[in-house]
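Encoded as structure tokens, the structure appears first; notes follow it.
Whatever order the structure lists them in is the order used to number ligands and atoms, beginning at 1. The first residue in the sequence is number 1, and the count goes up from there. Since this is a predicted model, take the numbers as computed values, not measurements.
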Amino acid sequence: MKILVTGGLGFIGSHTVVALQNKGYEVVIVDDLSNSSLSVLEGIVKITGKTPIFTKLDLKNKNHTSEFFRLHNDIHGVIHFAASKAVGESVENPLHYYENNINTLVYLLQNLSKLPYQNLIFSSSCTVYGQADELPITESAPVKKALSPYGNTKQIGEEIILDTCQSVPKFKSISLRYFNPVGAHPSAEIGELPIGTPQNLIPFITQTAAGKREQLSVFGDDYPTKDGTCIRDYIHVMDLAEAHIVALERLLSKNMNKNFEVFNVGTGKGNSVLEVIKTFEKVSGQKLNYKITGRRPGDVTEAFADTTKVNKELGWEAKFSLEDALESAWKWEQKQD
Ligand code: WQD
């Protein structure tokens with residue numbers, strides 16, 4: 001079966017391509033290379049020995065996107081990662097985010113409706129919950145007003161897909177609301193490749209440990225948590241990739257409760273920033289140079305998943321620990337030049 005992975009050369013996309021190939025799927029990748037590189041394709045082939053079909057495609061270009069689907073009308077399912085995902089950047093440049101995350105989804109759905117199969121996995125985020133009132137966070141937690149245009153594009157994206165599924169019964173879709181994806185493939189052939197200064201905690205930690213960054217700033221230790229720093233649910237990217245395979249097979253087998261389903265994908269455990277630092281120092285065997293600074297605007301205090309639904313209905317649970325994730329991230333960082 002042929003599966004299209006948009007943004008398949010990105011961090012989560014590339015790990016999902018490896019998992020798909022290992023499961024025997026034929027993979028087609030489209031990526032505009034705006035936030036990834038062709039070296040990732042080499043990494044995928046090194047791991048699986050199989051070369052996915054790759055097309056450089058900007059999904060914002062409606063004609064090019066339609067032309068692509070005319071050539072690939074035998075796709076059984078789509079896993080849609082292609083989007084911009086930096087919270088801070090979205091505040092500075094909201095229209096780029098609405099164009100790149102929403103227009104592309106509409107063109108994708110328009111073309112998908114002309115294919116024999118309409119199966120879509122959507123890459124969403126726990127950001128849609130904002131600061132949840134109750135923890136751990138379930139899928140029935142209210143979707144709050146987004147704290148950033150990035151988060152808003154995930155909320156709007158889910159609404160567009162829901163409306164499409166309600167108007168076109170043959171459309172089936174699962175939205176996976178990720179918590180914090182971290183780590184790298186154990187082979188260290190693929191991993192997270194932040195361009196420029198990393199926005200996210202783990203790549204900033206590993207780059208600091210590697211001497212590429214002077215010092216990690218911990219954004220605030222005056223939060224109402226056990227040690228004053230923010231708590232997040234850090235999920236190994238290998239576990240996250242596997243969740244996409246399980247969700248895809250649920251779509252393909254059509255044993256869904258309704259034709260649009262949402263799942264929180266996390267470990268169900270919360271760790272503070274200081275706990276992550278201590279765990280990293282343990283797995284790397286070296287002290288990390290950090291200082292406490294002011295809070296980062298837009299940060300929520302605490303977010304970690306209630307995994308009951310994804311465990312019971314999807315039959316998936318995270319297998320890797322925070323230590324495994326940090327160990328793999330560090331191994332990956334040490335391979336970078
Ligand atoms: C984690 C914690 C920071 C950097 C965002 C998006 C989410 C997903 C992952 C796309 C926070 C602290 C961070 C640093 C720090 N993105 N931190 N110093 O903000 O939870 O989630 O990225 O899919 O949708 O919302 O992740 O890694 O940026 O921050 O102290 O240099 O680490 O304050 O508490 P976040 P993060």
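- Under the 6.0 Å distance and 45° angle rule, Lys154 counts as a cation-pi partner of Phe122.
- Trp330 is linked by a ring pair (Phe, Tyr, Trp, His ring centres under 6.0 Å) to Phe280, counting only residues two or more places apart in sequence or in another chain.
- Remark: Lys114 engages Asn111 in a side chain to side chain contact (heavy atoms under 4.5 Å, CB included) (not counting sequence neighbours).
- Nearest heavy atoms, Pro52 versus Leu41: CG-CD1, 3.6 Å.
- Salt bridge Lys278/Asp227: absent, no basic N to carboxylate O contact under 4.0 Å.
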Under 3.5 Å: N or O atoms of ligand 1 paired with protein N or O:
| unit_1 | atom_1 | unit_2 | atom_2 | d |
| --- | --- | --- | --- | --- |
| ligand 1 | 18 (N) | Ser217 | O | 2.8 |
| ligand 1 | 19 (O) | Arg296 | NH2 | 2.9 |
| ligand 1 | 20 (O) | Asn180 | ND2 | 3.0 |
| ligand 1 | 20 (O) | Arg232 | NE | 2.6 |
| ligand 1 | 22 (O) | Asn200 | ND2 | 2.9 |
| ligand 1 | 23 (O) | Tyr150 | OH | 3.0 |
| ligand 1 | 24 (O) | Ser125 | OG | 2.8 |
| ligand 1 | 24 (O) | Thr127 | OG1 | 2.8 |
| ligand 1 | 24 (O) | Tyr150 | OH | 3.4 |
| ligand 1 | 25 (O) | Thr127 | OG1 | 3.1 |
| ligand 1 | 26 (O) | Asn180 | ND2 | 3.1 |
| ligand 1 | 27 (O) | Asn200 | ND2 | 3.4 |
| ligand 1 | 27 (O) | Leu201 | N | 2.8 |
| ligand 1 | 28 (O) | Gln199 | O | 3.4 |
| ligand 1 | 28 (O) | Asn200 | ND2 | 3.1 |
| ligand 1 | 28 (O) | Arg296 | NH1 | 3.3 |
| ligand 1 | 28 (O) | Arg296 | NH2 | 2.9 |
| ligand 1 | 29 (O) | Arg296 | NH2 | 3.3 |
| ligand 1 | 30 (O) | Ser217 | O | 3.4 |
| ligand 1 | 30 (O) | Phe219 | N | 2.9 |
| ligand 1 | 33 (O) | Asp299 | OD2 | 2.7 |

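- Within the structure, side-chain hydrogen bond (donor to acceptor under 3.5 Å, both in side chains) contacts touching residues 77-89 (residues at least two apart or in different chains) are Thr6-His80, Ser84-His96, Ser84-Asn100, Lys85-Asn200, Glu89-Tyr97.
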